[in-house]
Each structure stands twice: as structure tokens, then as C-alpha cells.
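Excluded from the calculations below are hydrogen atoms, water molecules and symmetry mates; all remaining heavy atoms, backbone and side chain alike, are included. Each residue takes its place number in the sequence, starting with 1.
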Amino acid sequence: MAAFNPELRYQVIRLYKELLHLGKEYPLGYDYFRPRLHKAFANQAGLRDEEKIKQGIQKAEYIKKEIEALYYLKRYRALRQRYDKI
């Protein structure tokens, strides 16, 4: 078993919290988002290989960027709808 890396643990916890925060504005609602996020992280809780953990972190970062892009698009459409009427 590989040695425990506290830096990776910190990154995973930070990502989880950031995604939880982003989920508050998720289109289907926080009650839809939170259990799925929790399940996704819980499924990977047993990982001990640092490379696999790093791959999981990269995947979570990608998902975070996708969610942020979804929010920016939503905001853009709302602003455009408001100003196109004028």
C-alpha cells in the first residue's frame, strides 16, 4: 500500500466543497445534485493509488469547469433575453 498523501486528501476535500457550492445553483436543484455528487465521491473513497487519485482530481476539475460554463451560459442567455427586448 502506498504512503498516505495529505496534500491529495486536501485537494479532494477542497474540490468536493467547491462542487457542493456550485451545486446550489444547479438547474435541477441542490436536492438532485448533492446525493449524486456524494455518491460519485463515495465510490472513489477506497482509492489508495496516487495516480488514480490524481486522475480523479483531474476529472472533478473538468466537471467543475463544465458546471461553471453551464452557469455562464445561463447568465448570458438571461442578459441577452433582457436586452434584446429593448
Side-chain angles (χ1 to χ4, degrees):
M1 184 185 301
F4 179 71
N5 188 340
E7 179 62 30
L8 287 178
R9 184 175 191 275
Y10 172 75
Q11 287 178 352
V12 170
I13 292 171
R14 181 184 50 81
L15 264 171
Y16 182 76
K17 288 180 180 181
E18 288 175 3
L19 286 168
L20 265 181
H21 180 69
L22 286 173
K24 291 178 183 175
E25 297 294 322
Y26 197 72
L28 295 175
Y30 187 69
D31 292 333
Y32 174 87
F33 185 84
R34 187 194 169 282
R36 284 163 178 75
L37 177 67
H38 180 78
K39 185 178 177 184
F41 273 77
N43 285 341
Q44 302 299 317
L47 289 180
R48 296 291 177 249
D49 181 26
E50 285 192 23
E51 282 304 312
K52 289 187 179 182
I53 294 172
K54 288 178 184 177
Q55 288 174 357
I57 289 172
Q58 288 176 342
K59 184 177 179 181
E61 288 284 355
Y62 176 79
I63 291 169
K64 185 178 116 180
K65 289 177 185 175
E66 288 290 317
I67 293 171
E68 288 173 343
L70 177 73
Y71 293 158
Y72 290 132
L73 180 62
K74 181 180 172 183
R75 188 180 310 156
Y76 170 78
R77 286 179 176 164
L79 287 172
R80 182 155 181 187
Q81 185 179 21
R82 284 184 204 142
Y83 290 108
D84 279 349
K85 290 180 181 178
I86 297 176

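- Judged as a ring-ring contact (aromatic ring centres under 6.0 Å, His included), the pairs with a partner in residues 8-39 (not counting sequence neighbours) are, in order, Tyr16-Phe41, Tyr26-Phe33.
- Between atom NZ of residue Lys65 and atom CD of residue Glu68 there is a gap of 8.5 Å, rounded to the nearest 0.5 Å.
- In terms of heavy atoms, Tyr71 sits closest to Pro27 at CE2-CD, 4.2 Å.
- In this structure, CG on Leu19 lies 13.0 Å from CZ on Arg34, to the nearest 0.5 angstrom.
- By the side chain to side chain contact (heavy atoms under 4.5 Å, CB included) test, Glu51 is found to be paired with Asp49, Lys54, residues two or more places apart in sequence or in another chain being considered.
- Separation of atoms CG (Leu79) and CG (Asp84) is listed at 10.5 Å; rounding is to 0.5 Å.
- Using a 4.5 Å cut-off on side-chain heavy atoms (C-beta onward), Leu70 and Glu66 make no contact.
- Atom CD of Glu25 has 12 or fewer heavy atoms from other residues, nucleotides or ligands within 6.0 Å.
- Between Gln11 and Ile57 the shortest heavy-atom distance is OE1-CD1, 3.2 Å.
- Partners of Glu18 according to the side chain to side chain contact (heavy atoms under 4.5 Å, CB included) rule, which considers only residues two or more places apart in sequence or in another chain, are Arg14, Leu15, Lys64.
- Annotation: the span from Lys52 atom NZ to Leu47 atom CG amounts to 7.0 Å, rounded to 0.5 Å.
- Taking hydrophobic clusters as Ile, Leu, Val, Met, Phe, Trp and Tyr residues chained together by side-chain heavy-atom distances below 4.5 Å, Tyr76 does not share a cluster with Ile67.
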